[in-house]
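First up is the structure itself, then whatever we jot down about it.
Computed from a predicted structure; not experimentally measured.
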Amino acid sequence: MDGIDGLMLLLAGGLGLLVGVWATLAFRWSERSQREVPPPPEAALDDGLVRMLAVLRSAAVVLDESDQVVRASAPAHALGIVRDGRVAPAAIRDLIALVRRDGVIRDEVLEVPRGPVGPGVLMVQVRVAQVSADHLVVLAEDLTQARRLEAIRRDFVVNVSHELKTPVGALALLAETVQDAADDPEAVRRFAGRMQAEATRLSALVHEIIELSRLQVAGALGQVGLVDVDTVLSEAVDRARTTAEAKHVRLDIGGVRGTRVLGQHDLLVTAVRNLLDNAVAYSGEASHVGVGVRTDGELVEIAVVDQGIGITAAEQERVFERFYRVDPARSRDTGGTGLGLSIVKHVAADHGGEVTVWSQPGRGSTFTLRLPRAEEEPASTVRELPATDLEGAPVRRSAS
């Protein structure tokens with residue numbers, strides 16, 4: 001029995017010794033591992049390539065051998081080129097597949113979806129190149145705005161040519177007719193009157209084309225100052241009164257008085273006058289056109305309300321386009337150029353505002369010019385505006 005106990009003690013001692021040796025070795029191995037510096041991971045991309053991509057204005061994407069995105073710039077995400085770690089537009093993926101196949105650099109202008117849903121598209125110039133055995137670089141530059149402006153300029157030239165050709169051709173034909181009717185004083189007077197009307201229309205068209213071209217130039221607003229909205233409305237109504245009286249249309253001014261905006265007086269008079277002319281042209285005989293002013297927080301709203309034929313919802317999206325006319329036949333009769341509302345839109349934009357329209361067919365239209373309100377002058381420099389009636393005449397104040 002004593003022999004068995006001794007054997008058990010010997011085995012237990014041996015087992016304890018083995019455990020101690022194993023623990024000592026494990027501790028020393030762990031200590032040595034902590035002292036060793038792990039080797040740096042292999043760089044996924046060349047540092048020079050990373051720095052080059054960082055300074056590019058174009059959207060930049062780097063792909064690995066499985067076409068997963070390794071690096072993508074912020075414009076690449078903003079344009080929707082990269083979504084969920086992959087290149088999203090199918091047209092760009094097809095270009096990538098071609099470069100993978102033969103290694104030839106591809107550079108094409110593509111139409112790609114603006115987003116995952118909807119009909120919007122972007123026009124982008126895409127360049128795909130192999131930069132290493134595994135990596136491809138995709139560069140994309142958004143050409144949408146540049147192409148849109150190019151199309152606008154091209155359409156403008158075509159429209160101007162067409163619009164100028166009509167009155168010029170009419171003048172040439174009328175001059176020939178007058179020459180043939182030289183022995184008929186009555187015919188000469190009739191055709192001369194028509195020549196005068198066409199010449200007036202041509203003059204107005206050229207003037208508005210020049211005005212619109214000037215407004216489209218950057219910095220066209222020039223010197224700005226405090227503009228009294230009451231004075232702008234009175235002057236615009238006065239200029240539109242002759243046309244209105246010819247159709248027995250009554251013009252009224254109402255709303256808040258004493259508002260001011262920062263801008264150019266003459267341009268604002270032109271904008272309001274164009275809105276009034278448009279309202280009178282599309283109103284019936286002996287109707288009413290009103291101009292109202294209200295303030296909405298930091299904005300001054302000038303609304304021109306008519307009782308005319310109204311505008312359909314589809315046409316409301318186009319009324320501010322150059323040369324667009326809701327009723328071409330009516331515009332020919334009134335001598336309209338189709339540029340008035342486009343000028344209003346540019347004047348509003350140059351003043352940091354906007355112009356909107358509400359209309360229903362048969363119920364008239366309301367065009368609202370919204371402009372930033374000028375900050376109030378110090379109390380010592382504030383002057384009281386003279387009270388006027390709806391026709392702009394001064395109102396005599398009674399002594400209190």
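The side-chain contact (heavy atoms from CB on, under 4.5 Å) test applied to Asp84 returns no partner, not counting sequence neighbours. Considering only residues two or more places apart in sequence or on other chains, Glu235 meets the salt bridge (Lys or Arg N to Asp or Glu O under 4.0 Å) condition with Arg239. Thr366 meets the side chain to side chain donor-acceptor pair (under 3.5 Å) test with no other residue; sequence neighbours excluded. Taking Arg100 as the reference, Asp67 meet the salt bridge (Lys or Arg N to Asp or Glu O under 4.0 Å) condition, with sequence neighbours excluded. Applying the side-chain contact (heavy atoms from CB on, under 4.5 Å) test to Asp238 and every residue at least two apart in sequence or in another chain returns Arg241. Contacts of Glu354 classified as salt bridge (Lys or Arg N to Asp or Glu O under 4.0 Å), with partners at least two apart in sequence or in another chain: Arg370. Legend: residues meeting side-chain contact (heavy atoms from CB on, under 4.5 Å) with Asn278, ordered by chain and number and at least two apart, are Tyr282, Leu341, Phe367. Listed by chain and residue number, nothing satisfies the salt bridge (Lys or Arg N to Asp or Glu O under 4.0 Å) test with Arg93 (two or more places apart in sequence, or in another chain).
Cluster partners of Trp358 are absent, since no Ile, Leu, Val, Met, Phe, Trp or Tyr has side-chain heavy atoms less than 4.5 Å from it. Grouping Ile, Leu, Val, Met, Phe, Trp and Tyr by side-chain contacts under 4.5 Å, direct or through others, puts Val109 with Met123, Leu143.
Interatomic distance, CG of Leu262 versus CG of Leu371, reported as 10.5 Å (0.5 Å rounding). In this structure, CG in Asp350 is found 10.5 Å from CG in Leu268, a value given to the nearest 0.5 Å.
Val300 and Val229 get closest at one heavy-atom pair: CG1-CG2, 4.3 Å. Contact record, Val291 with Ile302: CG1-CG2, 4.0 Å, taken as the closest heavy-atom pair. Minimum heavy-atom separation, Arg294 to Val256: CA-CG2, 4.0 Å.
The only option from Val355, Val357, Val289 that meets the side chain to side chain contact (heavy atoms under 4.5 Å, CB included) definition with Val304 turns out to be Val289.
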His135 and Asp64: CA distance, side-chain angles, deciding distance, side chain to side chain donor-acceptor pair (under 3.5 Å) verdict: CA-CA 5 Å; His135 295 115; Asp64 62 14; over 6 Å; no

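When atom types are taken as modelled, the side chain of Glu108 and the backbone of Val126 share no donor-acceptor pair closer than 3.5 angstrom. His351 places a side-chain N or O within 3.5 Å of a backbone atom of Gln264 that can act as its donor or acceptor partner. Judged by distance alone, with hydrogens and angles left aside, the side-chain atoms of Asn274 form no donor-acceptor pair with the main-chain N or O of Val344 at under 3.5 Å.
Evaluation of the salt bridge (charged side-chain N to carboxylate O under 4.0 Å, His left out) test over residues 119-144, restricted to residues two or more places apart or in two chains, returns Asp107-Arg127.
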Check: residues 167-188 side-chain donor-acceptor pairs under 3.5 Å, at least two apart:
unit_1: Thr177; atom_1: OG1; unit_2: Leu173; atom_2: O; d: 2.8
unit_1: Asp184; atom_1: OD1; unit_2: Glu186; atom_2: N; d: 3.3
unit_1: Asp184; atom_1: OD1; unit_2: Ala187; atom_2: N; d: 3.4
unit_1: Glu186; atom_1: OE1; unit_2: Arg189; atom_2: NH2; d: 2.8

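Using a 4.0 Å cut-off between charged nitrogen and carboxylate oxygen, Arg373 and Glu298 do not count as a salt-bridge pair.
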